[in-house]
Amino acid sequence: MCVVCGCADTSHKPGHSHDHSHDHGHAHEHGHDHGHAHEHGHDHPHAHAHAQDHVHVTASTGDLHYGAGSARVSVPGMSQARAIQIETTVLGENDRLAAQNRAHFEGHGVVAYNLVSSPGSGKTTLLCATLEALKTRAAGLPVAVIEGDQQTSNDADRIRATGAPAIQVNTGKGCHLDAQMVADAFARLPLHAHSHDHAHGHEHDHGDHDHPHGAVLFIENVGNLVCPALWDLGERAKVAILSVTEGEDKPIKYPDMFAAARLMVLTKTDLLPYLDFDVPKCIEYARRVNPGIEVLLVSARSGEGLDAWLDWLLQPLEAPAEAAAPAADELARLKARVAELEAQLAAKA
């Protein structure tokens, strides 16, 4: 998982450390500086001569499962306890920033949706079709898009061609968006209107937008069915987008993502007559990992299912209490794992 494999910023320093001042490539209007000095420590095998008891071997086939330990991830030279410690620290800070984003969006009357999928699922195509359809279905609805990719502004350019404002966020080696990136991008969008001073150091118009649905922010995450699952961005909901060209078993191959999503959208359904894709089986798999997940079938090309998709997006702004913090269940599970491990370590001491 990227929290401990190197793409995420961490502040661990067990073996030795290296200070790096990272330029995040944007001018900050909020009076806070992001030239962080990150210390990157490395756990060395000679310092942690522990048996790899977190690796499960299937006796009949020899298959290896490196997610069987308490941390559910394996990093060379790093103990399970250390992996959990780093994950807890990094995700805890991100969740703090995500809570700020959520309050910020609410203050602006904005509902944010986090679109997650593998590369090539049709996220941007669906988003362009959605933006065009909203011009008729919800004329005047303020919308904006934050686009996440490792490189290029290709997707943001496609969004801007529809007339909707968009900010491209390039993550470099990073494999997902995080809450700070979203906050920085949101500050540059028209939804973040400026009118009067606030104590936190920048200007906002926190009044309701002149539309019954408020405003909508789409966050198109980096194409990746693994890492974005644990990263709360302050969104109302994660939407897992799966194309029918990818195979119906994706929800059980990548369960964390579908467990974190409130909605699964099956895209490219106009291709179903030409594919061997079992829709009922896919839905069964998705509900095996997330019994409450909602499912929609949509084709951005033919328009099939687009009205149902818009209905879902334009639900009243009052979200169910359990949707207020989409990462709450995962964070609670993580804290429980940490407490269990700490108890085991204390018993051995």
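Computed from heavy atoms alone, side chains included, the values below leave out hydrogens, waters and symmetry copies.
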Colleague: Do L64 and V57 have side chains that get closer than 4.5 Å, going by heavy atoms?
Modeller: yes
Colleague: Just jot down the side-chain contact (heavy atoms from CB on, under 4.5 Å) partners of D307, sequence neighbours excluded, or say none.
Modeller: R137
Colleague: Is any side-chain heavy atom of V182 closer than 4.5 Å to a side-chain heavy atom of I146?
Modeller: yes
Colleague: Quick check: do L306 and V298 have side-chain heavy atoms less than 4.5 Å from each other?
Modeller: yes
Colleague: Check H56 against A68 and note the closest heavy-atom contact, atom names and distance.
Modeller: CB-CB, 3.7 Å
Colleague: Measure across L189 and V145 and return the closest heavy-atom pair with its distance rounded to 0.1 Å.
Modeller: CD2-O, 4.1 Å
Colleague: Are V222 and L126 grouped together when hydrophobic residues (ILVMFWY) are joined by side-chain heavy atoms under 4.5 angstrom apart?
Modeller: no
Colleague: Looking at R236, is its backbone amide N or carbonyl O close enough to the side chain of R262 to form a donor-acceptor pair, meaning the two atoms are under 3.5 Å apart?
Modeller: yes
Colleague: Is it true that, when you exclude D63 itself, more than 12 heavy atoms of the residues, nucleotides or ligands shown sit nearer than 6.0 Å to its CG?
Modeller: yes
Colleague: Distance-only, no hydrogens or angles: does the R188 side chain make a donor-acceptor pair with backbone N or O of D184 under 3.5 Å?
Modeller: yes
Colleague: Quick one: do D278 and E284 satisfy side-chain contact (heavy atoms from CB on, under 4.5 Å)? Show the steps, please.
Modeller: CA-CA 10 Å; D278 191 330; E284 176 194 334; over 6 Å; no
Colleague: Taking the side chain as every heavy atom from C-beta outward, state whether V216 and V110 have any pair of such atoms under 4.5 Å apart.
Modeller: no
Colleague: Can you tell me how far apart CG (N221) and CE (M257) are? Round to the nearest 0.5 Å.
Modeller: 7.0 Å
Colleague: Got a sec, which residues hit side-chain contact (heavy atoms from CB on, under 4.5 Å) with I252, two or more places apart in sequence or on another chain?
Modeller: D249, Y285, R288, V289
Colleague: Measuring from atom CG of L266 to atom CG of L297, what distance do you get when rounded to the nearest 0.5 angstrom?
Modeller: 4.5 Å
Colleague: State plainly whether one hydrophobic cluster holds both I241 and L296, where clusters connect Ile, Leu, Val, Met, Phe, Trp and Tyr through side-chain heavy atoms under 4.5 angstrom apart.
Modeller: yes
Colleague: Among residues at least two apart in sequence or on other chains, which ones pass side-chain contact (heavy atoms from CB on, under 4.5 Å) with S153?
Modeller: D157, R160, Q168
Colleague: Look at K123 together with D155 and state whether they make a salt bridge at an N to O cut-off of under 4.0 Å.
Modeller: no
Colleague: Under a 4.5 Å cut-off applied to non-hydrogen side-chain atoms, are E147 and R158 in contact?
Modeller: no
Colleague: In Å, rounded to the nearest 0.5 Å, how long is the span from CE of M264 to CG of N290?
Modeller: 10.0 Å
Colleague: Identify whether F277 and Y254 are in the same connected component of the hydrophobic contact network (ILVMFWY, side-chain heavy atoms under 4.5 Å).
Modeller: yes
Colleague: Does E132 have any salt bridge (Lys or Arg N to Asp or Glu O under 4.0 Å) partners at least two apart in sequence or in another chain, and if so, which?
Modeller: K135
Colleague: Return yes if some donor-acceptor pair links the side-chain N/O of Q80 with the main-chain N/O of S70 below 3.5 Å, else return no.
Modeller: yes
Colleague: What's the spacing between I219 CD1 and K238 NZ if we round to 0.5 Å?
Modeller: 9.5 Å
Colleague: Which atoms form the tightest heavy-atom contact between L313 and T130, and what is the distance?
Modeller: CD1-CG2, 3.7 Å
Colleague: Do R72 and D256 touch side chain to side chain, with heavy atoms closer than 4.5 Å?
Modeller: yes
Colleague: Pair I86, M78 - check side-chain contact (heavy atoms from CB on, under 4.5 Å), show working.
Modeller: CA-CA 10 Å; I86 293 170; M78 184 182 294; 3.7 Å; yes
Colleague: Taking all non-hydrogen atoms of both residues, which atom of A229 and which atom of A260 are closest, and how far apart?
Modeller: O-CB, 3.7 Å
Colleague: Just verifying a value: how many Å separate W231 CH2 and N224 CG, rounded to the nearest 0.5 Å?
Modeller: 12.0 Å
Colleague: For the residue pair L134 and L314, establish whether any side-chain heavy-atom pair is separated by less than 4.5 Å.
Modeller: yes
Colleague: Say whether, by atom type as modelled, one donor and one acceptor occur between the side chain of S299 and the main chain of S302 under 3.5 angstrom.
Modeller: yes
Colleague: Minimum heavy-atom separation for C128 to I159, with atom names?
Modeller: SG-CD1, 3.9 Å
Colleague: Would you check if the side chain of T267 reaches a backbone N or O of S121 as a donor-acceptor pair within less than 3.5 Å?
Modeller: yes
Colleague: Should V75 and L230 be regarded as members of a common hydrophobic cluster, given that ILVMFWY residues are connected when their side-chain heavy atoms come within less than 4.5 Å of each other, either directly or indirectly?
Modeller: yes
Colleague: Could you go through K253 and L225, starting from their C-alpha distance and side-chain angles, then the distance that decides it, and tell me whether this counts as side-chain contact (heavy atoms from CB on, under 4.5 Å)?
Modeller: CA-CA 9 Å; K253 281 187 172 182; L225 272 178; over 6 Å; no
Colleague: If you round to the nearest 0.5 Å, how far is CG of N114 from CD of E220?
Modeller: 10.5 Å
Colleague: List the steps and the verdict of side-chain contact (heavy atoms from CB on, under 4.5 Å) for V239 and V116.
Modeller: CA-CA 6 Å; V239 177; V116 292; over 6 Å; no
Colleague: Can you list every ring-ring contact (aromatic ring centres under 6.0 Å, His included) pair that touches residues 111-136, not counting sequence neighbours?
Modeller: Y113-W312
Colleague: State, yes or no, whether a side-chain contact exists between F186 and N101 at a heavy-atom distance under 4.5 Å.
Modeller: no
Colleague: Return the minimal non-hydrogen interatomic distance between P228 and H176, and the atom names on each side.
Modeller: CG-CB, 3.9 Å
Colleague: So, using side-chain contact (heavy atoms from CB on, under 4.5 Å) as the criterion, who are the partners of R287 when residues are at least two apart?
Modeller: I283, I293, V295
Colleague: Would you check if the side chain of D232 reaches a backbone N or O of G234 as a donor-acceptor pair within less than 3.5 Å?
Modeller: yes
